[in-house]
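Structure first, commentary second.
Just follow the structure's listing: the first ligand is 1, and inside any ligand the first atom is 1. Just the heavy atoms: all of them, side chains too, but no hydrogens, waters or symmetry mates, feed the values below.
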Amino acid sequence: MIVANYDMLGRIFTGPELQLLIEENSHDLFDWPLTCPICNRQLTYQSASLERPFTYFSHSDGSADCFETKSTSDEHRLAIEYTVKALYNRISEVTGEPVVIDVEKWIGTREKFVIADVRVTSPLNIAAEIFYKTERLALGRRLRTVFANDFKSYLVFHTNGKHNPNRIERYLQQVAPIRVGRFDANTREVTLGDLFSAEQVTLSRSDRDRLPNYIAR
Ligand SMILES: [Zn+2]
């Protein structure tokens, strides 16, 4: 993985950020443990490069990487890991509470569910979806299911993905005054955009009729 929780500071850092800290301080950074943002196991750091971004951190006990899935491309996974960092640090800063966060997890029932790229279940419920090559966004079904299970949602668009986030946002703003998030593929900065809630975005039938099918259905 490329993100790690630096417990002493209570926030998540990326490998390149930590590498910079080490170069600047050159000592005793690791008197405090680094832990996995997902499972809290201790992590081992190794100097790496952006050609092999997921090798910065690994579970010290050798167990499989919590971010590794067969269904996700490396580029999508990178955006997911950076979103985990942005979301975790934001919630931790605002609430001051421990954050329980996971990736690729179900929300809903077997009959009616979505799989959230990033799912926070404490101290509040948030599902973040990172759109990369997905053709159809299915926001009507996705948001209905998320809201019905007491979650709110961030929608983050990879800037080199299938859809131009500016265009998606212009469409959505015809039905709600809301901004989407972005993963900037060049700078690797994540902006989360607005938190979609049932109060803000209903995506009623008439709303869905005003949106292109690839967004709403
Ligand atoms: Zn882990």
| message | According to side chain to side chain donor-acceptor pair (under 3.5 Å), who are the partners of H163, at least two apart in sequence or on a separate chain? | response | none
| Are E199 and S197 close enough that a side-chain donor and a side-chain acceptor fall under 3.5 Å? | yes
| S58 and T44 side chains, donor-acceptor separation under 3.5 Å |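 Side chains of T44 and S58: no pair found under 3.5 Å.
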| request: Take the angle between the ring planes of Y171 and Y214 and call it parallel below 30°, perpendicular above 60°, tilted in between. | output: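 The rings of Y171 and Y214 stand perpendicular, inter-plane angle above 60°.
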| Basic-acidic side-chain contact under 4.0 Å: E135, K162 |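 A salt bridge is present here (some side-chain N lies under 4.0 Å from a carboxylate O).
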| query | With a cut-off of 6.0 Å (strictly less than), are more than 12 heavy atoms of other residues, nucleotides or ligands near CZ of R41? | reply |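 Enclosed: over 12 neighbouring heavy atoms sit under 6.0 Å from CZ of R41.
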| field | Distance criterion under 2.8 Å: protein N/O/S atoms around the Zn ion (ligand 1) | value |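 Counting protein N, O and S atoms closer than 2.8 Å to the Zn ion (ligand 1) gives 4.
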